[in-house]
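For reference, the structure discussed in these notes is given below.
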There are 2 protein chains.
Amino acid sequence: MGRGKIVIRRIDNSTSRQVTFSKRRNGIFKKAKELAILCDAEVGLIIFSSTGRLYEYSNTSMKSVIDRYGKSKDEQQQDNVANPYSELKVYICSTKLIN
Amino acid sequence: MGRGKIVIRRIDNSTSRQVTFSKRRNGIFKKAKELAILCDAEVGLIIFSSTGRLYEYSNTSMKSVIDRYGKSKDEQQQDNVANPYSELKVYICSTKLIN
DNA sequence: GACTCTATCTATAATGT
DNA sequence: TACATTATAGATAGAGT
């Protein structure tokens, strides 16, 4: 999206990379908020820039999200101990980055 | 984006909400991946659906992201103790959700 | 860097199967 | 209820300030 199509690979020029980071960071935070509201989801998003700065968003609190994440993972772990096939319950969210 | 404009509020119809969740979840995961690659950032994204299912993405590992998040927060905390004005360092990433 | 502009690309709401 | 289509709203690359 934009004046030209881009390939998804690290942007070499540091100024361009920073500008793109700023724009896309805003974009993804907006998407996270919309998803949380529209779909009644709990969302936590943590981003460290290449310079090490932290940016974060959560519609609840990051502590709540991380705690819930840990519990959810523990439960998955217990499932795996009980049933070796339960890894099928782990949802893979992949999207092709071609183009 | 789409055939009609939508207002950002909880989708009442549960079927529509689930469909939108699926589409937008894919969209935001793609955005997270692109941001990580293009801008050389470390990204962690945790989403719990309204039915409680966990979906996650990290370009490194979620453990790494959460650990780094904790450290970064600790440092911010120390800064705050040392310098009461350092809360200005906390980056606010807000985007209006109007339209 | 942060902001504006806008042409163009992308995501997705609504619809069809 | 998942998949495919498509018209359109939205995001953003590139350029200028």
Side-chain angles (χ1 to χ4, degrees), chain A residues 1-41 43 45-57 59 88-99, chain B residues 1-43 45-47 49-57 59 72 85-99:
Chain A
M1 58 209 92
R3 293 288 178 90
K5 190 181 253 188
I6 60 159
V7 177
I8 303 300
R9 66 184 299 279
R10 183 178 186 279
I11 297 168
D12 288 326
N13 183 285
S14 72
T15 303
S16 301
R17 192 168 63 241
Q18 186 130 8
V19 169
T20 294
F21 179 73
S22 174
K23 288 179 177 180
R24 283 178 173 258
R25 194 191 63 225
N26 286 334
I28 199 171
F29 275 117
K30 185 177 177 186
K31 289 289 188 188
K33 288 172 193 175
E34 291 181 348
L35 183 68
I37 295 170
L38 288 169
C39 304
D40 201 22
V43 177
L45 176 57
I46 295 170
I47 301 173
F48 288 97
S49 72
S50 58
T51 57
R53 281 185 181 178
L54 168 65
Y55 298 84
E56 62 175 302
Y57 165 74
N59 63 315
L88 293 171
K89 289 181 186 169
V90 176
Y91 301 100
I92 307 299
C93 302
S94 70
T95 314
K96 287 178 187 169
L97 287 177
I98 310 303
N99 309 319
Chain B
M1 59 210 93
R3 295 284 179 91
K5 190 179 250 187
I6 59 158
V7 176
I8 303 300
R9 66 183 298 279
R10 182 177 187 282
I11 298 167
D12 288 327
N13 182 287
S14 72
T15 304
S16 302
R17 193 168 63 242
Q18 185 141 353
V19 169
T20 294
F21 178 73
S22 174
K23 289 180 179 178
R24 283 178 172 259
R25 194 190 63 225
N26 286 334
I28 199 170
F29 275 116
K30 185 178 177 186
K31 291 286 186 190
K33 286 172 193 176
E34 292 181 345
L35 183 67
I37 295 170
L38 288 170
C39 304
D40 201 22
E42 184 171 19
V43 177
L45 176 57
I46 294 170
I47 301 172
S49 72
S50 58
T51 57
R53 282 186 182 179
L54 167 64
Y55 298 84
E56 63 175 302
Y57 165 75
N59 62 316
S72 187
Y85 297 104
S86 70
E87 63 249 299
L88 294 171
K89 289 180 186 166
V90 177
Y91 302 101
I92 307 298
C93 301
S94 69
T95 313
K96 288 176 187 168
L97 287 177
I98 310 301
N99 300 324

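We name chains A, B, ... by the order of the sequence lines, and we start the count at 1 in each one. As the structure is a prediction and not an experimental result, all values here were calculated from the model.
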When we call it a touch if two heavy atoms are under 4.0 Å apart, what does [X] touch: a base, just sugar-phosphate, or nothing?
X     : result
B:S16 : nothing
A:T15 : nothing
B:Q18 : nothing

[atom1] of [X] versus [atom2] of [N]: gap in Å, rounded?
X     : N      : atom1 : atom2 : value
A:I28 : C:dA11 : CD1   : P     : 12 Å
A:L38 : D:dA9  : CG    : P     : 17 Å
A:N13 : C:dG1  : CG    : C1'   : 13 Å
B:K5  : C:dA13 : NZ    : P     : 14 Å
A:K30 : C:dT12 : NZ    : C1'   : 13 Å
B:I6  : C:dA14 : CD1   : P     : 7 Å
B:N26 : C:dT10 : CG    : P     : 17 Å
B:E34 : D:dA11 : CD    : C1'   : 11 Å

Hits for salt bridge (Lys or Arg N to Asp or Glu O under 4.0 Å) against B:R17, two or more places apart or cross-chain, chain-then-number order -> none
Within the pair B:R24 and C:dA13, is there a side-chain N or O less than 4.0 Å away from OP1 or OP2?
-> yes
Candidate nucleotides [options], ranked by approach to the side chain of [X] - the nearest:
X     : options                : value
A:K31 : D:dA9, C:dA13, D:dA11  : D:dA11
A:R3  : C:dT6, D:dT5, C:dT10   : C:dT6
B:K23 : C:dA13, D:dG14, C:dA11 : C:dA13
A:S22 : D:dA11, C:dA2, C:dT15  : C:dA2

Assign each of A:G2 and B:G2 the nucleotide of DNA chain C bearing its closest heavy atom; nearer the 5' end lies the nucleotide of A:G2
Ranking A:G4 and B:V19 by the position along DNA chain D of their nearest nucleotide, the one closer to 5' is B:V19
So CE of A:M1 and NZ of A:K23: to nearest 0.5 Å the spacing works out to 11.5 Å
When rounded to the nearest 0.5 Å, the distance separating OH of A:Y55 from CD1 of A:I28 is 14.0 Å
Of B:R9, B:R24, B:R10, the one forming a salt bridge (Lys or Arg N to Asp or Glu O under 4.0 Å) with A:E34 is B:R24
For B:S16 and B:N13, the nearest pair of non-hydrogen atoms, with its separation, is N-OD1, 2.9 Å
